[in-house]
Amino acid sequence: MGRLLLVDGHSLAYRAFYALPAENFSTSTGQVTNAVYGFTSMLINVLRDEEPTHLAVAFDVSKQTFRLAEYPEYKAGRSATPTEFSGQIPLIREVLGAMGVRMVTAEGFEADDVICTLTRQAREAGHDVLVVTGDRDAFQLVDDRTTVLYPVRGVSELTRMTPEAVVARYGVPPERYPDLAALVGETSDNLPGVPGVGPKTAAKWITQYDGLAGVVAHADAIKGKAGESFREHIASVERNRRLNRLLDDLPLGVEVEELRRPGWDRDAIHQVFDGLEFRVLRERLFETLDNDEPEVTGGFSVEVARPRGEEVGAWTARVPAGARVGAEVVLAADLTGPGSPARPAALDGVAVAAPDGSVAVLHVGDLLRWVASPDGPALVMHDAKPQLHALARAAWARGLGPLAADAADDDPTTTGEGHDGRDGGTGGATDDDVVGEDGTTGARAVASSIAGLPSGDTSLAAYLCRPDQRSYDLADLSVRHLGRTLVTAEPVVEGQPVEEQLSLGLDGAAEQVEDTPEDLADAARARRDLRAGIRAAAVAELDAVLLGELEEREGTALLADLELPLERLLVRLESTGIAVDVEHLEQLREHYDVRVSEAARLAYAEIDEEINLGSPKQLQRVLFEKLEMPKTKRTKTGFTTDAEALQDLYESTEHPFLLHLLEHRDAIRLRQTVEGLLASVGEDGRIRTTFQQTIAATGRLSSTDPNLQNIPIRTEEGRRIRSGFVVGSDATGPLETIMSADYSQIEMRIMAHLSGDEGLVEAFTAGEDLHRFVGSRVFQVEPADVSSEMRSKVKAMSYGLAYGLSAFGLSRQLRIPVDEARGLMDEYFMRFGGVRDYLRGVVDQARKDGWTATLLGRRRYLPDLTSDNRQRREAAERMALNAPIQGSAADLIKVAMLRVQERLDAEDLRSRMLLQVHDELVLEVAPGELDRVQEIVLEGMGGAADLAVPLEVQVGLGRSWFDAAH
DNA sequence: TCAGACACGTA
DNA sequence: CGTACGTGTCTGAA
């Protein structure tokens, strides 16, 4: 089932022509291009926003139509088409030709009839249809699966005409629209309507008499002047109706399937756009195209060598010192194999792809020695963090001891030992020792070489280029940026019969597989080598392309100096983990469990039945049907039962069920949180999260598996969970305390810095409570006279501003009238005009450039800022307001993390960083190091940037995360 | 079994 | 009709 986009070429070009000032759009040769520009721009927007699968543009071909034959005055009286316009039609056709868009015409008919016919065909084929036209006759096509996008205000905005929208605007359903138009007339077609009859009257009649035919039949019954006028003009009304009926049975000789969106001819587009001197438009077009399936040429074909001993040096010699090589670890078995969720896999070497295209799988020891040597390469990986974990485990397991990059593993039983059995099972080919023939010499160099890996990471590079993408899958990037498919065998999965897996082979082609166990194991290993080899080769090529792209976006330093070092630091945070008091958590679970049962029991007693309290559907039945409570805010599937709504309901009904329900919700959630944490405690009593570095479009980290960035803190009961995160031990012995350090009001400080607003800057240097200070300005009272109510209003507004909050939103949040909210905002902007100017400027700049930027130049691209769809556009505007602020805060804490770790390492301290929670760092401090660590943290965080306002850092200490909070 | 909707925790 | 996330449950479709 697809979506067909049909565009009325003439109608839109015409609109564009009159909407855009010709003098601003002409090429150096004097060719006027305003219509071409407006038309193309609109088309790109619609392609981007609506993502049609099929596409055609209809044009009128001749003046001689059946309508003209019936009514010689049809469309008469139009002023002659200016030559500046008609001259642009061939250019539009050129653009469409280059884009491979099918153009459809029919001799003797209008574009509307073509569109109507194609609409019918597409509907019969089961497709949805979108029609873009400035001709209102098309409204008759609208139904639940056909939408007309009708331009308003030139071509800058399109109105979505659904059946509901047609009814709302004209008072008649879409199929009756032509009846209405026949009565009212259509000036642009020179079809006069009934004098004295406007849309209101026409709609009334049509509804009353069930259509135009009924109106005509009852003509004599219609009273008044309008009725009289109608009777005099019945003939022309009926003629209008004949003329505005669109034809759906033209012999076009086109099948809908032929309209499937074609592959793009990039060269042709470049040529045409060069001629038209469209620069920005070309970028927008390619951005849109790049989001679609690009054309793909061949795949990668590599020969994978497995050099050993002497052969290793021979192979590595082909790589110049410092050259960038792609690398991908070869796992002895897949991580996702059945029954082994997230179990560390053994390493069976590392595939490396040399600049000359040759690929080898090196044993871990050989690779690390090579990297550590003076003529070692620069390794580039894709999503290096999990691979670095595997490498570090492998090195540890081979007797190298904890690595600098991974010094926290103090329990060898969790580090990847115990996979020997599997190695044996897949061929017995275990890796050789990291330590070479020359004994332990060089082990230290090898260890530090891992600490410096990787030199590049293509997933980070891709993320910095386009941080809004959902995933940075190597195969997708390869298709998008290299135009090559990544055909790799799926890794052999543990737990499934190897024979079955291998019989499929690459590309599903049968492979020659002998059936001795040794042969099967060799074949499985060869497949894993090939897979990793192909990926390494892709990484090497992708690296070059993405570095170029990143350079254009001025993000090279961000990658090299921030994200890559941070990735290495995150490896350490993740492998360190944070200690938990399991006993405490187990007691807490029991406690919450009692609360859950008790709340459920009381809730059931109130309603005399045992429903599933976790089912919004069942809750809706009980609340709104059984108990007949007032309806709450609508959701897609009914009425909301969220906590805020339940609280409101309680205030109006005082029904005790609601309290028990809220209590149940709260308790069940806390129990779930604790259970999740308990489930992820490792054998050493520590919890290890995974920090995602390429997920948040603003540049923040995120935490998963478990998420340690959303541990409760707001409620007393929830905070008890934080007491379960405690100070632990390392290999040397127990550490002393947990340290929590957070930035206070980081986002507001960034706002002050970026806006340069004098008042706000002063607020941070005045030594007064921020919100009290702001409140005194807004309400024009002495700071001491700012009431707590004033303070909380101002606080909500200040933070809301960074999110693009509207007066409406503010009124809803504060439960005050919209007018009061608006007054509050006006007053705020009056006092802090710099903030207003800044916020306005951010959106304007982003619309012009296409992106926002943070303090460190991290960009976020927001193409929807020019969308014709108001919802999308306004959503993008709010993102544009927030991205520089949230993103700059993310920049700062990342810088701070690196600064802090740099000092901890330089001074060889045992204390270590455990968690990052957006504006907070959690550390574990070793005995005797407290003062020094506190200095380092205060200096590292406070000095992360030199802003117009000071960066204030609060530090707390305690045996648990709760105790360390302040 | 999977995706979407809902609800809710954090900054 | 306030940004950025992750996780759990329920539900209906596949």
Side-chain angles (χ1 to χ4, degrees), chain A residues 467-468 611-620 632-646 661-662 664-677 679-680 689-715 717-719 721-722 742-748 751 796-814 818 821-822 825 839 852 860 862 870-871 874-887 889-890 893 915-921 961 965:
Chain A
D468 274 281
I611 62 165
N612 181 345
L613 296 173
S615 162
K617 202 182 164 200
Q618 295 183 39
L619 281 176
Q620 287 177 39
T632 55
K633 210 175 64 181
R634 278 213 77 98
T635 65
K636 278 182 187 167
T637 54
F639 301 94
T640 184
T641 65
D642 65 22
E644 191 192 344
L646 294 180
L661 176 57
L662 283 165
H664 183 264
R665 279 249 179 95
D666 190 40
I668 209 164
R669 166 152 217 95
L670 291 168
R671 184 183 66 181
Q672 181 53 50
T673 302
V674 172
E675 277 176 353
L677 290 173
S680 45
T689 183
T690 301
F691 287 105
Q692 302 289 348
Q693 207 179 347
T694 59
I695 296 293
T698 52
R700 276 189 177 179
L701 298 179
S702 77
S703 158
T704 63
D705 219 7
N707 181 356
L708 295 185
Q709 289 180 326
N710 72 341
I711 303 302
I713 192 170
R714 289 178 188 172
T715 65
E717 276 287 289
R719 270 199 294 272
I721 298 178
R722 291 200 170 210
D742 66 54
Y743 283 119
S744 67
Q745 294 139 343
I746 179 87
E747 296 198 343
M748 289 310 297
M751 175 98 96
M797 180 165 54
S798 291
Y799 281 105
L801 289 176
Y803 300 148
L805 186 64
S806 63
F808 179 89
L810 184 64
S811 75
R812 209 170 56 86
Q813 191 195 331
L814 294 174
V818 178
R822 189 171 295 116
M825 289 178 80
L839 293 174
T852 61
R860 179 172 187 186
L862 295 165
R870 190 163 67 96
Q871 273 202 12
E874 291 180 346
E877 285 170 1
R878 291 192 296 271
M879 293 176 203
L881 287 175
N882 178 249
I885 298 173
Q886 189 184 118
I893 196 157
L915 299 176
Q916 185 252 51
V917 192
H918 309 310
D919 66 353
E920 174 189 13
L921 295 182
W961 194 5

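In the text below, chain A, chain B and the rest are named by the order of the sequence lines, each starting its count at 1.
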**Student:** Return the value, rounded to whole Å, for the distance between atom CZ of A:Arg671 and atom P of B:dG9.
**Tutor:** 16 Å
**Student:** Measure NE2/A:His664 against C1'/C:dT9 and give the value in whole Å, please.
**Tutor:** 12 Å
**Student:** Considering only side-chain heavy atoms of A:Gln618, which listed nucleotide, C:dT11, B:dA11, C:dC1, is closest?
**Tutor:** C:dT11
**Student:** Assign A:Ile711 to base, sugar-phosphate, or nothing according to its heavy-atom contacts below 4.0 angstrom with the strands shown.
**Tutor:** sugar-phosphate
**Student:** Under 4.0 Å between any heavy atoms, over every strand shown, what does A:Ala697 touch: base, sugar-phosphate, or nothing? Just pick one.
**Tutor:** sugar-phosphate
**Student:** With sugar-phosphate meaning primed atoms plus P, OP1 and OP2, does A:Arg860 contact a base, only sugar-phosphate, or nothing at under 4.0 Å between heavy atoms?
**Tutor:** sugar-phosphate
**Student:** Students often get this wrong, so: under 4.0 angstrom with heavy atoms, is A:Thr673 touching a base, only sugar-phosphate, or nothing?
**Tutor:** nothing
**Student:** Which nucleotide sits closest to the side chain of A:Thr635: C:dT7, B:dT10, B:dA7?
**Tutor:** B:dA7
**Student:** If I take atom NZ in residue A:Lys633 and atom P in nucleotide B:dA5, what distance separates them, rounded to the nearest angstrom?
**Tutor:** 16 Å
**Student:** Do A:Arg669 and B:dA7 share a donor-acceptor pair, side chain to base, under 3.5 Å?
**Tutor:** no
**Student:** Please report the closest heavy-atom contact between A:Arg714 and A:Arg719, naming both atoms and the distance.
**Tutor:** O-NH1, 3.5 Å
**Student:** Among B:dC8, C:dG2, B:dA5, which nucleotide sits nearest the side chain of A:Lys636?
**Tutor:** B:dA5
**Student:** Determine: side-chain N/O of A:Thr637 to OP1/OP2 of B:dC6, distance under 4.0 Å, yes or no.
**Tutor:** yes
**Student:** The side chain of A:Ala643 lies closest to which of these nucleotides: B:dC8, C:dT3, B:dA7?
**Tutor:** B:dC8
**Student:** Would you indicate what A:Gln886 reaches in the nucleic acid, counting non-hydrogen atoms under 4.0 angstrom: base, sugar-phosphate, or nothing?
**Tutor:** base
**Student:** With heavy atoms under 4.0 Å as the rule, sort A:Ile713 into base, sugar-phosphate or nothing.
**Tutor:** sugar-phosphate
**Student:** As a test of reading the structure: which of B:dC6, B:dC8, B:dA11 is closest to the side chain of A:Tyr803, going by heavy atoms?
**Tutor:** B:dA11
**Student:** So, is A:Ser806 close to the C:dG2 phosphate, meaning a side-chain N or O under 4.0 Å from OP1 or OP2?
**Tutor:** yes
**Student:** Does A:Arg714 reach a base, just sugar-phosphate, or nothing at all? Heavy atoms under 4.0 Å.
**Tutor:** base
**Student:** Scan A:Glu747 against the nucleic acid and name what it touches under 4.0 Å (heavy atoms): base, sugar-phosphate only, or nothing.
**Tutor:** nothing
**Student:** Once you apply a heavy-atom cut-off of 4.0 Å, does A:Ile695 come out as touching a base, just sugar-phosphate, or nothing?
**Tutor:** sugar-phosphate
**Student:** Within the modelled atom types, does a donor on one side and an acceptor on the other bring the side chain of A:Gln813 and the base of C:dG2 under 3.5 Å apart?
**Tutor:** yes
**Student:** Would you say C:dT11 has OP1 or OP2 under 4.0 Å from some side-chain N or O of A:Ser615?
**Tutor:** yes
**Student:** Mind checking A:Gly614 for me? I need base, sugar-phosphate or nothing, with any heavy atom below 4.0 Å counting as a touch.
**Tutor:** sugar-phosphate
**Student:** Rounded to whole angstrom units, what separation is found between the CG atom of A:Asn710 and the P atom of C:dA4?
**Tutor:** 17 Å
**Student:** Taking only side-chain N and O atoms of A:Lys617, does any of them lie within less than 4.0 angstrom of OP1 or OP2 on B:dC6?
**Tutor:** no
**Student:** Tell me whether the OP1 or OP2 atom of C:dG6 has a side-chain N or O from A:Ser702 closer than 4.0 Å.
**Tutor:** yes
